[in-house]
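Just below is one structure, and these are the notes that go with it.
As a basis for the values below, the full set of heavy atoms in this structure was taken, side chains included, without hydrogen atoms, waters or symmetry mates. Just so it is clear: chains get the letters A, B, ... in the order the sequence lines come, proteins before strands, and each one is counted from 1.
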2 protein chains.
Amino acid sequence: MLLSKACVYGLRSSLFLASCKGDGYTSIREMSDQLDISFHFLTKILQELTGAGLMESHKGPKGGVRLTKAGSEVSLYEIVAAIDGTELFTECALGLPGCGVKKPCPLHDKWAGTRDGIRQMLEDTNLLELAEKGKKQNLRITEDGGFEWI
Amino acid sequence: MLLSKACVYGLRSSLFLASCKGDGYTSIREMSDQLDISFHFLTKILQELTGAGLMESHKGPKGGVRLTKAGSEVSLYEIVAAIDGTELFTECALGLPGCGVKKPCPLHDKWAGTRDGIRQMLEDTNLLELAEKGKKQNLRITEDGGFEWI
DNA sequence: AGGGTTTAAGAGTATTTTGTCTTAATTTAA
DNA sequence: TTAAATTAAGACAAAATACTCTTAAACCCT
């Protein structure tokens with residue numbers, strides 16, 4: 001699996017927030033309902049994202065979380081890095097520590113290119129772009145397709 | 001992590017076999033020693049590869065495992081598919097089941113290209129090519145670099 | 001034939017990931 | 001000021017992954 005489940009859930013919920021109108025907070029309960037993700041698990045994931053500065057949270061009624069930046073300014077890479085870390089984009093395909101230009105494994109050259117391709121794709125893609133595409137083409141971001149773009 | 005540890009170990013040991021001269025069997029004990037991988041864990045991984053038809057095994061003295069095909073005929077993709085399965089090459093980046101051309105997620109188009117890039121890199125690379133490169137440039141395939149190309 | 005060597009198979013353990021539950025702290029609004 | 005709503009935090013449980021160990025089966029050699 002390329003990304004952990006926590007990371008995938010983090011991406012889906014970030015996408016959800018990017019599609020929300022206005023700059024108010026969205027409650028985690030609503031997100032967990034709409035996206036069909038365990039409330040408590042999602043809470044922990046979003047805590048990581050707020051810890052990383054990508055979201056900010058607010059307690060109490062009318063509380064919830066929201067993006068700290070405009071969706072157009074948040075790349076998927078930032079979210080992945082915040083949850084799964086950057087190891088995927090630096091590690092050796094054969095799992096050898098310290099593999100790099102100086103001390104490569106036989107697969108290093110080829111894998112480095114592929115790896116950069118993954119990173120660039122994530123860096124090149126922002127939340128707003130995906131939210132607008134999803135809204136325009138009515139694409140799903142949940143398993144059952146129950147989510148309606150806002 | 002892109003590949004499981006079992007898969008990474010499977011790749012390293014396949015690479016080891018591809019670098020072995022002659023067509024005799026190589027004992028799993030020797031491989032686990034040379035590659036610094038737990039003997040019993042490696043045994044189970046190689047059983048998967050023999051089950052998939054990529055290797056064949058032989059018991060008793062002079063026993064061990066060997067590739068069923070020439071190293072030049074074995075792509076990394078075959079090994080990864082045998083151990084980790086092909087899910088990585090078919091799954092949705094957002095984890096949505098059934099995501100594809102017909103029922104895509106907002107990230108599908110971009111991810112499909114990236115995903116194919118990973119697959120093609122693995123399909124395009126064979127064991128002999130890596131073994132020769134490793135031998136020629138004296139590259140490591142173990143953490144401590146203790147392995148000497150045969 | 002018999003003993004040593006090697007893979008096969010499966011049970012058992014440890015660690016990480018995933019998910020659940022409870023309690024505390026904060027905030028809004030009546 | 002009090003009650004309801006909401007996130008924060010941490011303990012706990014379940015599942016998947018990563019190993020470890022033991023016993024069985026097959027094989028070679030003397």
Are [Y] and [X] connected into the same hydrophobic cluster when the rule is that any two of I, L, V, M, F, W, Y join if their side-chain heavy atoms are below 4.5 Å apart?
| X | Y | answer |
| --- | --- | --- |
| B/Ile79 | A/Met1 | no |
| A/Trp111 | B/Leu139 | no |
| A/Met31 | A/Tyr25 | no |

- Message: What does the B/S/- profile of nucleotides 15-26 of chain D look like, 5' to 3', with a 4.0 Å heavy-atom cutoff to protein?
- Response: ---SBBBB--BB
Given 3.5 Å as the limit, does a donor-acceptor pair link the side chain of [X] with the main chain of [Y], or not?
| X | Y | answer |
| --- | --- | --- |
| A/Glu30 | A/Ser27 | no |
| A/Arg66 | A/Gly24 | no |
| A/Arg12 | A/Thr142 | no |
| A/Arg119 | A/Leu122 | no |

- Spacing between A/Gln47 atom CD and D/dA9 atom C1', to the nearest angstrom: 7 Å
- Could you check how far CD of A/Glu48 sits from P of D/dA9, rounded to whole Å?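 After rounding, the gap between these two atoms is 12 Å.
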- Query: Where each residue is assigned the nucleotide of DNA chain D containing its nearest heavy atom, which of A/Leu46 and B/His58 is assigned the position nearer the 5′ end?
  - Reply: A/Leu46
- Message: Just so I know, are the side chains of A/His108 and A/Leu96 near enough to count as touching, which here means a heavy-atom distance under 4.5 Å?
- Response: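 SC-SC contact between A/His108 and A/Leu96 ruled out.
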- Query: Is there side-chain contact between B/Ile118 and B/Leu2, with at least one heavy-atom pair below 4.5 Å?
  - Reply: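 A side-chain contact exists here, since the closest heavy-atom pair is under 4.5 Å.
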- Item | Interface residues of residues 80-88 of chain A with DNA chain C (non-hydrogen, below 4.0 angstrom) | none
- For D/dA9, does OP1 or OP2 lie under 4.0 Å from any side-chain N or O of A/Thr43? no
- Message: I need the full list of side chain to side chain donor-acceptor pair (under 3.5 Å) pairs touching residues 79-105 of chain B, with sequence neighbours left out, sorted by first then second residue.
- Response: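 Every side chain to side chain donor-acceptor pair (under 3.5 Å) pair that includes a residue of residues 79-105 of chain B, provided the two are not neighbours, is B/Ser4-B/Asp84.
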Would you list the atom pairs, donor with acceptor, under 3.5 Å between side chains in residues 35-54 of chain B and any protein atom, with sequence neighbours excluded?
unit_1, atom_1, unit_2, atom_2, d
B/Ser38, OG, B/Phe41, N, 3.3
B/Thr43, OG1, B/Phe39, O, 2.8
B/Thr50, OG1, B/Leu46, O, 3.3
B/Thr50, OG1, B/Gln47, O, 2.8

- So, B/Asp124 and A/Lys110, do they make that salt bridge, N to O below 4.0 Å? no
- Query: When you measure from every atom of DNA chain D, which of residues 13-26 of chain B have a heavy atom less than 4.0 Å away?
  - Reply: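 Close to the strand, none.
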- Task: Give the first and the last nucleotide of DNA chain C, reading 5' to 3', that has any atom under 4.0 Å from a heavy atom of chain A.
- Result: C/dT18 to C/dA29
